[in-house]
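Worksheet: the structure to be examined is printed underneath.
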Amino acid sequence: DLKAADRQYQSSIKRFSRSDRVENARLNLAMIAEREERWSDASSIYERFYYSQPSDPLTPLAKSRLDELVKEKRATPASLKSRLRRIDKLLSMRSINAVKEELGQIEPMVKSRKERYEVMFRRAQLAYRQGLFDEAILLFRTLSDKQGRSNWYSNQRWLARCYSTKGDV
């Protein structure tokens, strides 16, 4: 009985929230949701794995299921915001190749100037992580000039990091 299994997994997740098996239970909840044709529930769990937990060993399975749901038009593709959040996680993990791939995939999704600046900021961070300090400096300078005051301090902090790491202090 899928409903009973769903209730049991939900209960276990609440009772044993710190267990190393919680993510397995969540993935099983997504698969149950799929079998019950609750596409939105399933896709939101799969998205959580892929976009918020890129280092989890279950992420490739969640991504393949999510891709299948999107392909079958049972789920909508992830938002640009979710994808940027994934890039942030990958950058913090120093997963350079994964960041490059993800940035390449989201370029066509960029519609507004604000979104373009968000992607440029990640490109600048990527350049910094790759040791391409001149490129990072150019991008952060551009962002400082173009974006409003709300992002200016963040860009300046990154510029300072670039200069100090490069040795031009």
Side-chain angles (χ1 to χ4, degrees), residues 2 5-130 136 139-140 143 147 150-151 153-155 157-158 161:
L2 293 176
D6 188 279
R7 280 192 305 274
Q8 186 60 44
Y9 280 124
Q10 295 281 4
S11 172
S12 295
I13 288 170
K14 284 180 186 171
R15 286 183 40 218
F16 305 107
S17 62
R18 297 189 187 269
S19 169
D20 61 345
R21 298 182 188 257
V22 166
E23 300 311 325
N24 272 355
R26 282 198 177 98
L27 193 64
N28 286 331
L29 283 172
M31 291 178 177
I32 289 170
E34 262 192 270
R35 293 197 49 206
E36 292 180 336
E37 298 182 1
R38 291 183 290 122
W39 311 121
S40 177
D41 292 345
S43 67
S44 70
I45 294 170
Y46 294 142
E47 278 185 18
R48 181 172 170 261
F49 271 96
Y50 188 69
Y51 295 103
S52 299
Q53 299 172 246
S55 62
D56 192 288
L58 297 172
T59 295
L61 175 59
K63 175 63 172 154
S64 71
R65 294 303 316 136
L66 179 60
D67 288 346
E68 191 64 31
L69 290 176
V70 169
K71 183 177 151 191
E72 294 169 353
K73 301 203 183 317
R74 293 180 171 157
T76 57
S79 68
L80 181 64
K81 184 177 179 180
S82 294
R83 297 188 78 149
L84 289 171
R85 200 169 42 245
R86 174 174 166 74
I87 290 170
D88 291 340
K89 298 258 183 189
L90 292 169
L91 280 164
S92 69
M93 294 167 38
R94 310 236 185 324
S95 298
I96 303 301
N97 290 333
V99 171
K100 285 181 191 176
E101 181 181 330
E102 201 66 39
L103 282 169
Q105 291 175 6
I106 66 169
E107 290 290 339
M109 297 173 70
V110 175
K111 303 283 188 250
S112 71
R113 179 181 302 167
K114 182 179 187 256
E115 290 172 348
R116 194 168 43 255
Y117 292 151
E118 291 287 334
V119 172
M120 185 186 291
F121 182 76
R122 274 49 174 216
R123 285 208 177 280
Q125 288 178 309
L126 175 62
Y128 174 83
R129 296 281 186 230
Q130 291 177 296
L139 290 168
F140 283 123
L143 287 166
Q147 285 182 307
S150 61
N151 299 88
Y153 291 107
S154 174
N155 293 327
R157 271 195 315 273
W158 274 99
R161 284 177 83 175

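Note that the structure is a prediction, hence the values are computed from the model and not measured.
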Straight-line distance of E68 CD to S43 OG, nearest 0.5 Å: 13.5 Å
Expected output: side-chain S11 to main-chain R7 donor-acceptor under 3.5 Å: no
Atom pair CE/CD1 of M31 and I45 - distance to nearest 0.5 Å: 10.5 Å
Ignoring hydrogens and angles, write down the donor-acceptor pairs under 3.5 Å from the side chains of residues 74-83, residues two or more places apart or on other chains.
unit_1, atom_1, unit_2, atom_2, d
R74, NH1, E72, OE1, 3.0
S79, OG, S82, N, 3.1
S79, OG, S82, OG, 3.2
S82, OG, R85, NH2, 3.4
R83, NE, E102, OE2, 3.0
R83, NH2, E102, OE2, 3.0
R83, NH2, Q105, OE1, 2.7

Contacts of type side chain to side chain contact (heavy atoms under 4.5 Å, CB included), residue A124, not counting sequence neighbours: L139, F140
Under 3.5 Å: donor-acceptor pair, side chain of S52, backbone of F49: no
Rounded distance (nearest 0.5 Å) linking atom CZ of R65 with atom CG of L58: 14.0 Å
Step-by-step side chain to side chain contact (heavy atoms under 4.5 Å, CB included) determination, Q125 to D88: CA-CA 9 Å; Q125 288 178 309; D88 291 340; 4.3 Å; yes
Contacts of type side chain to side chain contact (heavy atoms under 4.5 Å, CB included), residue S64, not counting sequence neighbours: L61
Within-4.5 Å side-chain heavy-atom neighbours: E115 and I106: no
Those residues that, when tested against R38, pass side chain to side chain donor-acceptor pair (under 3.5 Å) (two or more places apart): D6, E36, D41
Closest contact, heavy atoms only, Y9 versus L29: CB-CD2, 3.6 Å
Heavy-atom pair with the smallest gap, counting every atom of R123 and G104: NH2-N, 4.3 Å
Closest approach of A30 to Y46 (non-hydrogen atoms, all atoms of both residues): CB-CE2, 3.4 Å
Distance (rounded to the nearest 0.5 Å) between L90 CG and Y51 OH: 11.0 Å
Under 3.5 Å donor-acceptor, S154 side chain and N151 backbone: no
CG on L143 to CZ on R116, rounded to 0.5 Å: 11.0 Å
Enumerate, atom names and distances included, each donor-acceptor pair closer than 3.5 Å involving a side-chain atom of residues 13-24, sequence neighbours excluded.
unit_1, atom_1, unit_2, atom_2, d
S19, OG, R21, N, 3.0
E23, OE1, Q53, NE2, 3.4
E23, OE2, R26, NH1, 3.1

E107 side chain near V119 side chain, heavy-atom distance below 4.5 Å: yes
Within 6.0 angstrom of K63 NZ, more than 12 heavy atoms from elsewhere: yes
Separation of L91 CG from M93 CE (nearest 0.5 Å): 10.5 Å
Side chain to side chain contact (heavy atoms under 4.5 Å, CB included) partners for K100, two or more places apart: I96, N97, L126, Q130
Side chain to side chain, Y117 and N155, heavy atoms closer than 4.5 Å: no
